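Here the structure is laid out as C-alpha cells; the discussion comes afterwards.
Note that this is a predicted model, so its numbers are computed, not measured.
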Amino acid sequence: MRTIVSQLAGASILAAATMTFASTTAAAQTASAAANADADANAGSEREIVVTATKRDEAASDVAGSVSAVTQENLQRLNAQSLSDYITRVPGVVFNDYQPGVSEVVIRGVASTTYHEANQATTGYYINQIPLVEPGFPLVIPDIDAFDVKQVEVLRGPQGTLFGSSSLGGAVNYVVNEADPTKLDAGAEGIVSSTRRAGEASYAAKAMVNVPLVDDKLAVRLVALQRYDAGYLDNVGTGEKGSNDLRVRGLRGSVVWQPGATTKLAALAMYQEYDLDDQTYVLFGDNPKTFERNTNVDEYQDTEIQLFSLRLDQELGFANFTAIGSYTQKKADLAFDDSIFLGIDARTGTPQLSSSTGKSTTYYGEMRLASSGTGPFTWLIGANYTKLRSDSTDGARLDGIAEYIDANPADFDGQPSSVIAPGDLLRRTVSTNRVREIAAFGELAYTFLDQVTLTLGGRVFEYESRPRLQFLPNAALIAPFDYQPGSQKQSGFVPKVSLAYKPSDRFTLYGLYSEGFRIGGVNVYSAASGTPLTFGSDSTQNYEVGAKFELVPGAMSFDIAAFHIKWNDIQSRLFTPVTFDAYTVNGGGAKIDGVELSLVFRPTANLTYSANVTYNDARLSGLLPDSSAPGGGYAAGTQLPGASDWIIANQLDWELRSSPLRPRIGIAHRYLSAAPVAFGATLQKGDYSLVDLNAAVRLGDGIEAGVFAKNLFDTYGILNAPFSFAGSVTRPRTVGANLRLALR
C-alpha cells in the first residue's frame with residue numbers, strides 16, 4: 001500500500017470565484033484598491049485584464065484561445081488562501097485536492113487518475129513565467145499562497161508550443177507582485193476561523209512591505225506568511241482528534257532595478273514549506289460519510305520549495321528582449337503506516353512504515369525577442385534550456401529489524417544488517433534522473449483587413465535523460481537490481497495555428513489547433529514488483545473554436561469555446577494487485593469533447609453576477625491494458641478518472657459603493673457531477689454542490705474587516721481516491737473573520 005496511500009489525501013478548503021476576460025471594477029480589500037475602484041466607477045471605464053502567460057502582455061479578450069485570470073481583488077474578496085479556494089471557479093477545471101504541496105489541477109479532463117500522476121503532471125505550473133515543475137516526476141507541485149498575488153492565469157488547452165512538456169491539458173501561471181520603485185507600500189492580513197470537527201482554531205498571519213531605495217529606479221518588496229489549518233479527521237488508531245494539522249510557512253522577496261526608461265532588472269526569491277502532521281485520507285469501510293482514519297502512527301509529510309530567479313527586460317526599439325534564469329530546489333519527506341494492512345511485525349513488535357525522501361534541482365534559462373509596435377506583422381522567437389537532477393529513496397522502515405537480523409543471522413543467509421537493513425530499512429529503491437532540454441520556439445502573426453489575424457507557431461525540442469533505478473540489497477533477500485539504460489534522447493516538433501476575426505473591440509471569433517506532450521520515464525517499483533521498467537511519452541491534439549463578446553458595454557460579457565482533444569499513448573497510473581505498488585504504462589487513447597461557457601452580468605453599479613458552465617465528455621477511445629483488470633484492461637468508452645461531465649460555478653456579489661463603509665456581500669456556488677476516482681473503481685468523486693459566503697465593511701482608511709463561511713451547508717464530498725476504500729473528502733463547514741490593513 002506504500003505508493004497508493006503515499007500520496008493520497010488533502011481536504012478541500014472549498015471553491016470560490018473566477019474572473020472572465022471582461023472584468024470590471026471590483027471592490028478591493030484595501031483602501032488603495034477601493035480608491036482605484038471608485039476612480040474607475042466615476043469615470044465609467046472598464047478595466048481589461050491583461051495576461052502575461054502568452055509570454056507577452058496581451059488583453060485576454062485578444063487571445064485566440066481560452067484563458068481566464070483570477071485577479072487580486074477576487075482573491076482577496078474570497079479570502080483565498082490556496083488553489084482549492086478559487087481554481088475550480090475557472091471553466092473546465094477540476095482540482096484533485098489531496099496531499100498539500102502535491103495536489104494537481106486538471107484542465108479539460110486530461111488526467112489518468114484523481115490521485116497523483118506517476119510522472120509529469122498534465123498541467124504546467126509557472127510563477128511569473130518561471131517553471132515550477134520539472135521535466136520528470138514532481139516532488140512538489142507548489143500551491144502558492146494567494147497573499148500579494150497580482151493574478152492567477154489559467155490557459156485551457158495544450159500549451160506545448162510556448163511552454164514545452166507537462167502542459168497536455170493547459171497551464172497555470174501565478175503572477176506575483178514585484179517591487180515598485182515609485183512608492184512606499186505595506187499591507188497585512190490576519191485570519192481566524194473554526195472548522196466543524198476541528199479541535200482548535202485555524203489562523204493565518206501575513207505581511208508585505210515595499211520600499212523604494214532609489215526613487216523610480218530601485219526597490220525591494222518582502223512578503224512573509226504563516227498559516228495553520230487545524231485538522232478535522234480523527235485517527236482512531238492513534239487516538240488523536242483532528243490529526244491532520246497543516247502548517248504553511250513562506251517568504252518571498254523581489255528586487256527591481258530600473259537604471260533607465262528602457263531597462264528593467266528583476267530578481268525574485270521564494271521559499272514555501274508544507275508540514276502535515278498526519279495524512280488527510282479517510283478509510284470509507286461501511287461508512288459512506290466518515291471522517292475517520294486508522295493508523296498505528298502518524299503519517300507525516302513535509303515538502304518545501306526554494307526558487308531564485310533573475311530577469312532582464314530590455315526595449316530595443318524594433319523588439320523587446322527578455323532573458324530569464326532560475327534555480328529551483330525541492331525536497332519531500334513522508335512516511336506511511338503499512339501495518340494497517342500487514343499488522344504489527346511479530347519479530348520486532350513495531351509497525352512497518354513506508355518512507356520516501358527526495359530532492360530535485362532544476363536550472364532554467366530562457367531568452368526571447370518579441371516584436372514591438374502595432375504593424376500587421378507581430379512575432380516572437382525564443383529558446384530555453386533546462387537541466388534537472390533528481391534523487392529519491394523509497395523503502396520500508398521497521399524499527400528494531402537491524403537488531404533482529406544480527407541476532408538471527410541464519411534467517412538472512414548470514415548477511416549483516418549493515419548490508420541488508422541499514423538504518424532499519426527493510427528495502428530500498430533508489431531512483432535518479434538527469435534531464436537536459438534544449439528548445440527553440442516562436443510565433444508569427446499577420447493581421448489583414450484590420451480584422452483577421454493568422455498566427456503560426458512551433459516548438460523544436462530535444463530531451464536527453466539518464467535515468468538509473470537501483471533496488472538495493474534487502475532484508476527480504478530479493479535479488480538486487482541496477483537498471484542503467486544510458487543516455488536516452490527524444491526530439492520533435494510541436495505546431496500551433498490559430499485564426500482570429502475581430503471586427504470590433506467587443507467581439508472576437510477564433511479557431512485554434514494546438515498540441516501538448518509529456519516525456520517518458522522509469523517505474524520506481526518495477527525491480528521488486530515485476531512491472532514494466534519504462535514508459536514512453538504521450539501527447540494531446542486540441543481542435544477548438546470560440547467566441548468572446550461584450551453584449552452590453554460595461555454590463556454583460558460572454559465567452560464560449562468548443563473543443564475536441566485527442567490524447568495519444570496515454571501514460572496511465574496503475575497498481576499491482578497485492579502490494580499496491582504504483583506503475584505507469586502507455587496504452588490506448590482518449591477523446592475529449594466539451595463546451596465551456598462564461599457569463600458576467602452587471603445589471604446595476606452595485607450588483608455583479610458571473611456564471612461558468614462546462615460540459616466535458618472525456619472517454620477512452622481504445623483499450624487501456626491492465627493485466628489485473630477483468631478482461632485485461634479498460635475498454636473504449638470508459639470515462640476518464642475524475643472527468644466530471646458537468647462543472648457549474650455561480651457567483652453573486654453586491655456592494656453599496658455610495659456608503660463610506662462600502663458594505664459588500666457575496667455568495668459563490670459550485671457543482672461538480674459524479675466521475676469515477678480511478679479506472680475500474682466503483683467509488684466516485686463529485687455529485688455535490690458547495691456554497692460559500694463572504695461579507696466585509698470598510699472601517700477606516702486602509703482598514704477592512706470581513707466574515708466568511710466556506711462550505712456553508714456542510715456538504716460531504718469525495719475529492720479523490722485511487723481505489724474505492726480510501727480517499728480525501730471536503731473540509732467541513734468553516735466560519736471565520738479577517739482583518740486587512742494597507743498603507744500606500
Self-check item: Within 45° cone of Tyr281 ring axis and under 6.0 Å: Arg293 NZ or CZ
Solution: yes
Quiz item: Side chains of Ser354 and Asp338: do they bring a donor and an acceptor to under 3.5 Å?
Solution: yes
Exercise. Answer yes or no: is there an ion pair linking Glu464 with Arg434, defined by an N-O contact shorter than 4.0 Å?
Key: no
Self-check item: Heavy-atom side-chain contact between Thr303 and Gln99 under 4.5 Å
Solution: no
Quiz prompt | Residues Tyr300 and Asp333: side-chain donor-acceptor under 3.5 angstrom | solution = yes
Quiz item: Just checking, is any N or O donor in the side chain of Ser390 or Asn433 under 3.5 Å from an acceptor N or O on the other one?
Solution: no
Quiz prompt | Gln81 side chain near Val248 side chain, heavy-atom distance below 4.5 Å | solution = no
Quiz item: Is there a donor-acceptor contact under 3.5 Å linking the side chains of Ser539 and Asp569?
Solution: no
Quiz item: Side-chain donor-acceptor pair under 3.5 Å between Asp278 and Ser243, yes or no?
Solution: yes
Quiz item: Are side-chain heavy atoms of Glu304 and Asp302 found at a separation under 4.5 Å?
Solution: no
Quiz item: Is there side-chain contact between Glu437 and Ile519, with at least one heavy-atom pair below 4.5 Å?
Solution: no
Quiz item: Hey, are the side chains of Gln352 and Ile401 touching, using non-hydrogen atoms and a 4.5 Å cut-off?
Solution: no
Exercise. Measure centre to centre between the rings of Tyr327 and Tyr363, then say whether the value is under 6.0 Å.
Key: yes
Quiz item: Under 3.5 Å, side chain of Gln571 to main-chain N/O of Gly536, donor-acceptor pair present?
Solution: yes
Quiz item: Distance only, no hydrogens: is a donor on one side chain within 3.5 Å (strictly under) of an acceptor on the other, for Ser392 and Ser431?
Solution: yes
Exercise. Locate the shortest heavy-atom distance separating Ala121 from Ile141; write the atom from each residue and the value.
Key: CB-CD1, 4.4 Å
Self-check item: Residues Thr584 and Asn119: side-chain donor-acceptor under 3.5 angstrom
Solution: no
Quiz item: Is the distance between the ring centroids of Tyr716 and Phe291 under 6.0 Å?
Solution: yes
Quiz item: Looking only at side chains, do Tyr271 and Glu273 share a donor and an acceptor under 3.5 Å apart?
Solution: yes
Exercise. Answer whether the closest heavy-atom distance between the side chains of Val172 and Tyr125 falls below 4.5 Å.
Key: yes
Quiz item: Checking side chain to side chain contact (heavy atoms under 4.5 Å, CB included) against Arg731, which of Asp229, Leu233, Leu719, Asn711 comes through?
Solution: Asp229
Quiz item: Any side-chain heavy atom of Pro131 sitting closer than 4.5 Å to one from Tyr126?
Solution: yes
Exercise. State plainly whether the residues Arg197 and Asp234 are in salt-bridge range, i.e. N to O under 4.0 Å.
Key: yes
Self-check item: Salt-bridge criterion met for Asp391 and Lys359 (N-O under 4.0 Å)
Solution: no
Self-check item: Distance-only side-chain donor-acceptor flag, Gln301 / Tyr274, under 3.5 Å
Solution: no
Practice problem: Only pairs at least two apart or in different chains count here, so list each salt bridge (charged side-chain N to carboxylate O under 4.0 Å, His left out) that has a residue in residues 403-422. | Solution: none
Exercise. For residues 134-143, pull every pair meeting salt bridge (charged side-chain N to carboxylate O under 4.0 Å, His left out), keeping only residues two or more places apart or in separate chains.
Key: Glu134-Lys330
Exercise. Classify the ring geometry between Phe517 and Tyr463 as parallel (under 30°), tilted (30 to 60°) or perpendicular (over 60°).
Key: perpendicular
Self-check item: Which atom of Gln120 lies closest to which atom of Pro135, heavy atoms considered
Solution: NE2-CA, 3.4 Å
Quiz item: Do the non-hydrogen side-chain atoms of Thr386 and Phe461 ever get within less than 4.5 Å of each other?
Solution: no
Quiz item: Is it true that Asp482 and Arg468 make a salt bridge, defined as a side-chain N closer than 4.0 Å to a carboxylate O?
Solution: yes
Quiz item: Taking the inter-plane angle between the rings of Phe341 and Phe725 on a 0 to 90° scale, is it parallel (under 30°), tilted (30 to 60°) or perpendicular (over 60°)?
Solution: perpendicular
Exercise. Without swapping roles, check the side chain of Ser193 against the backbone of Thr734 for a donor-acceptor pair under 3.5 Å.
Key: no
